[in-house]
2 protein chains.
Amino acid sequence: MDAEAIKLSLEESGLRCTSQRYAVMAFLLEHNQHPTAAEIFAAVNRLDPRSSRATTYNNLRDLVQAGLVREVAAEGRAARFDAKGMRHHHFICDGCGSVEDIEWYDVPKPGSRSLGKRILRECELIFRGRCTRCAPRHDPRKAF
Amino acid sequence: MDAEAIKLSLEESGLRCTSQRYAVMAFLLEHNQHPTAAEIFAAVNRLDPRSSRATTYNNLRDLVQAGLVREVAAEGRAARFDAKGMRHHHFICDGCGSVEDIEWYDVPKPGSRSLGKRILRECELIFRGRCTRCAPRHDPRKAF
DNA sequence: TATCAGATTAGATATAATCTAATTTTTCAT
DNA sequence: ATGAAAAATTAGATTATATCTAATCTGATA
Ligand SMILES: [Mn+2]
Ligand SMILES: [Mn+2]
Ligand SMILES: [Zn+2]
Ligand SMILES: [Zn+2]
């Protein structure tokens, strides 16, 4: 996704393309490691222009509201984010806590009986286990 | 699950059945609203015996490690917990943030091609939308 | 009973997120 | 261009959540 496309997607969502907001969005688009707000703040300030912590949080909030960014559901203290590009699932490593993307495939919806009067919008599938780096350290005779 | 069964499940996991630890476990078993640590702390102290905040957090950590309790994956600030009884999925309300249980059903695993060298242990399915209470307030003409 | 590991406690500390009020930047009507 | 209004940014204070520390308590066991 090039600079112009990012600018456009922001403006289509009713958000001005400020340099700080652009930097957050661009960083998320080119890093799929699901960084925390603190990591994003550090990363966008490594380059110009400077952005404050409050602005980083404000922009993440705005981008999530606009549907361009997602706050990933995960346990743990700090929220993690990714750009909502192609649909995908997530894999969370028991060993190191890393969150990785898994290719999307369709998930069966719950029956209307168990859904009741609830209105279903979307679903999110999280896998757990050991990532490629952590798998070798894992003794398969021991349960987690 | 009666008192004796709780005591037993704790001891099978190598945890002493202290009154504070019992209270946390019993509370989670009879409330499926996925309370936060603060809510659990308040609830177990409404009755005797008193338990400190540190102990509530310590016991939640121990119970999660022992596999009796789960920290639910969800966005938002405070961690939420439930007793790992019967397997189930979760529904998180866009409106009020409540987390509700959804009857379990099997979920197709990702293909070994997209899984790579990762070791899969389990999966967790999260639905999003409007809960029964929030659904009526939702104007279906407006997107979220 | 004496010992000791496990558990609890109050309060201090750390971490993550949000708020506040001042300032800067952009937009837009004139 | 000019000035007013709106939007965005900022540093730092504040709040919320979680963990740590070091002293004390409890209960199992010898
Ligand atoms: Mn992702
Ligand atoms: Mn549950
Ligand atoms: Zn790993
Ligand atoms: Zn609701």
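Every chain is numbered from 1, with letters handed out A, B, ... down the list of sequences. Quantities reported herein were computed from a predicted structural model and do not represent experimental measurements.
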Over all atoms of both residues, closest heavy-atom pair of B/Gly97 and B/Arg80: O-NH2, 4.3 Å
Minimum heavy-atom distance B/Glu103-A/Ser114, with the two atoms named: OE1-CB, 3.7 Å
Sugar-phosphate, base or nothing in reach of A/Ala79, heavy atoms under 4.0 Å: sugar-phosphate
Touch class at under 4.0 angstrom, heavy-atom based, for B/Ala54 against every strand present: base
Comparing B/Thr36 and A/Thr56 on DNA chain D - which has the more 5′ nearest nucleotide: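 The residue whose closest nucleotide sits nearer the 5' end is A/Thr56.
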Atom-pair distance (CD on B/Glu75; P on D/dA16), nearest Å: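 In whole Å, D/dA16 P lies 19 Å from B/Glu75 CD.
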Protein-nucleotide distance (A/Ile40, atom CD1; C/dA17, atom P), rounded to Å: 10 Å
Is the distance from OP1 or OP2 of [N] to the nearest side-chain N or O of [X] less than 4.0 Å?
| X | N | result |
| --- | --- | --- |
| A/Ser51 | D/dT10 | yes |
| A/Tyr57 | C/dT18 | no |
| A/Thr55 | D/dT10 | yes |
| A/Gln20 | C/dT25 | no |

Separation of B/Leu15 CG from B/Asn59 CG (nearest 0.5 Å): 8.0 Å
Straight-line distance of B/Arg87 CZ to B/Lys84 NZ, nearest 0.5 Å: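 Output value for this atom pair is 9.5 Å.
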Under the ring-ring contact (aromatic ring centres under 6.0 Å, His included) test, residues paired with A/His88 that sit two or more places apart: A/His90
For the side chain of [X], starting at C-beta, report the closest nucleotide among [options].
| X | options | value |
| --- | --- | --- |
| A/Asn58 | C/dA17, C/dT8, D/dT9 | D/dT9 |
| B/Arg16 | D/dG27, C/dA17, C/dG11 | D/dG27 |
| B/Thr18 | C/dT8, D/dT9, C/dG11 | C/dT8 |

Any N/O donor-acceptor pair, B/Arg53 side-chain to D/dT19 base, under 3.5 Å: yes
5' precedence on DNA chain C between A/Ala37 and B/Ser52 (nearest-nucleotide basis):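 It is B/Ser52, whose closest nucleotide lies nearer the 5' terminus.
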